[in-house]
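Read the structure below first, then the notes.
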2 protein chains.
Amino acid sequence: MVREATTEQRILEAAKKVFIRKGMAGARMQEVADEAGINKALLHYYFRSKEQLFVGVFKGSAEKQFGCIWDSLKQSDMLFPAIETFVAGYMDRMIEEPQLPLFIANEMNRDPEGLADFIDRGKESRSGFLRLVEEAHARGEIIDIDPRELLVNIMALCVHPFIARPMLKHIHGFSDEAFRRMILKRKKTVPEFIIRSIRS
Amino acid sequence: MVREATTEQRILEAAKKVFIRKGMAGARMQEVADEAGINKALLHYYFRSKEQLFVGVFKGSAEKQFGCIWDSLKQSDMLFPAIETFVAGYMDRMIEEPQLPLFIANEMNRDPEGLADFIDRGKESRSGFLRLVEEAHARGEIIDIDPRELLVNIMALCVHPFIARPMLKHIHGFSDEAFRRMILKRKKTVPEFIIRSIRS
DNA sequence: ATCCGGTTTAACCAAATGGTTAATATTGCA
DNA sequence: TGCAATATTAACCATTTGGTTAAACCGGAT
């Protein structure tokens, strides 16, 4: 059952752990090597530089954060189900790696130009969602609201618990498991919260 | 008009800039010294170590993020005005230093224990708000909603634009000024969004 | 003027860190 | 088997970086 992962995969996994834990600047190549159980020189054999290794990691992470998520929007051409699917999908993915959103936000802040490409991928899905909002409004299903603002609000309600996780854990005395339960609960309550606000 | 700031103040200002820009790990003492226009050794004269300098900076920043903000909750014993005041107050403060929330979130993630004190300061104000919610519910003004969850949602809608600022700027092509306008607009729309959702 | 405490600087240091090299081990294949 | 290509390692290197030291500077009290 212990699948022999290729060395490159092991490196990427280890690097992801370390980068997420320490950030690009704080991560040490030696630590990645140790985490992967290999020699440091082997890192540079597979990834010429720290920067390149980071890009390799960030690519996959951004993909996970932005890429597939938008797709869940496409599964419905009705706004409310789309919102429900989107929120639940996002929670399901992020609950596996709760530190991912902060990692992404952080690195995007560090190097907005260089990493911009990675978030452009969801462009069509995003405009698809905006259209969905406009149509729903045209049909009189929802009140008049700036679609982009609605999208920001939806993202906010999804992302924030993960960003504020350390604070929430401290304030509410959440264990990892309790935090998990809170997120699962929000899979239901967040769409309800949103829809109550925009339903006309 | 050019107030002669004390050297320590100049250092703290410069350090704040650099730490917020690069994070604790990415910040360089030399860069702080340059930014403050002083010799690097002088940094260690005023702050023995990088860690100590960081704490000095973080103290003031966390104060700004957590300290006075909660107080705005106390200004009203009605829920809806309290929400309006809180949101507007938060936006006003953060718009001056849009990168602060991410900086704080990031550091809270790095060292959750060390920062517990700062959060605890707002404890009474927070429980005061929770009571406000319960009372409003008892009076039949709002629907049945977990007060803590409502608070998380309010914070989410306030904080997230600042966390996602680089992404929003890229996606929407916002300039600094345009971002500012968006935030100012949200001072009105966010409370509306919330109240629409919870009003019974 | 001179002495003295606090302030500021240039030069320096040891450790850490990203990256390289050359040699060794391993694998796939003729 | 033997050989060439690939994978892996130990030792090394140059630079960066946080931090130190000793000397110079400077304003005020004597």
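Letters A, B, ... mirror the listed sequences (proteins, then strands); counts begin at 1. Just the heavy atoms: all of them, side chains too, but no hydrogens, waters or symmetry mates, feed the values below.
For the pair Lys50(A) NZ and dT15(D) C1', the computed distance is 14 Å after rounding to whole Å. Straight-line distance from the CD atom of Gln30(A) to the P atom of dT16(D): 21 Å, rounded to whole Å.
The pair Asp92(A)-Lys187(A) counts as a salt bridge, with a side-chain nitrogen and a carboxylate oxygen less than 4.0 angstrom apart.
In this structure, Cys158(A) and Val87(A) approach most closely via the heavy-atom pair SG-CG2, 3.8 Å. The minimum heavy-atom distance linking Phe129(B) with Leu79(B) is given by the pair CE1-CD1, 3.8 Å. When every heavy atom of Ser49(A) is checked against every heavy atom of His44(A), the shortest pair comes out as CA-CD2, 4.4 Å.
For Phe118(A) and Phe58(A), the ring centers are positioned less than 6.0 Å apart.
The side chain to side chain donor-acceptor pair (under 3.5 Å) check on Gln52(A) picks up nothing, with sequence neighbours excluded.
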Side-chain atoms of residues 149-157 of chain A: list all donor-acceptor pairs with protein atoms under 3.5 Å, sequence neighbours left out, distances to 0.1 Å.
from      : atom 1 : to        : atom 2 : distance (Å)
Glu149(A) : OE1    : Lys185(B) : NZ     : 3.4
Glu149(A) : OE2    : Thr189(B) : OG1    : 2.4
Asn153(A) : OD1    : Arg186(B) : NH1    : 2.9
Asn153(A) : OD1    : Arg186(B) : NH2    : 2.8

Name the atoms and distances for all side-chain donor-acceptor pairs under 3.5 Å in residues 94-102 of chain A, with sequence neighbours left out.
from     : atom 1 : to       : atom 2 : distance (Å)
Glu97(A) : OE1    : Lys16(A) : NZ     : 3.1
Glu97(A) : OE2    : Lys16(A) : NZ     : 3.4
Glu97(A) : OE2    : Lys64(A) : NZ     : 2.9

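Summarising the local packing, CD of Glu177(B) is surrounded by more than 12 heavy atoms from other residues, nucleotides or ligands at distances under 6.0 Å. Annotation for Lys17(A): atom NZ does not count as buried by contact number, only 12 or fewer foreign heavy atoms lying within 6.0 Å.
Between chain B and DNA chain C, the heavy-atom contact criterion of under 4.0 Å yields a 5' to 3' nucleotide range of dG6(C) to dA10(C).
Comparing the local axis fitted to the first five base pairs of the helix from dA1(C)-dT30(D) to dC29(C)-dG2(D) with the one fitted to its last five gives a bend of 0°, rounded to 10°.
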Pull out every protein N or O sitting under 3.5 Å from an N or O of nucleotides 5-9 of chain D, one pair per line with the distance.
from   : atom 1 : to       : atom 2 : distance (Å)
dA7(D) : OP2    : Tyr45(A) : OH     : 2.8
dT8(D) : OP1    : Thr7(A)  : OG1    : 3.3
dT8(D) : OP2    : Thr7(A)  : OG1    : 3.3
dT8(D) : OP2    : Tyr46(A) : OH     : 2.9
dT9(D) : OP2    : Asn39(A) : N      : 3.0

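Side-chain nitrogen and oxygen atoms of Arg28(B) include at least one within less than 4.0 Å of the OP1 or OP2 phosphate oxygen of dG18(D).
Within 4.0 Å of Ala27(B), counting heavy atoms only, lie sugar-phosphate atoms of the nucleic acid but no base atom.
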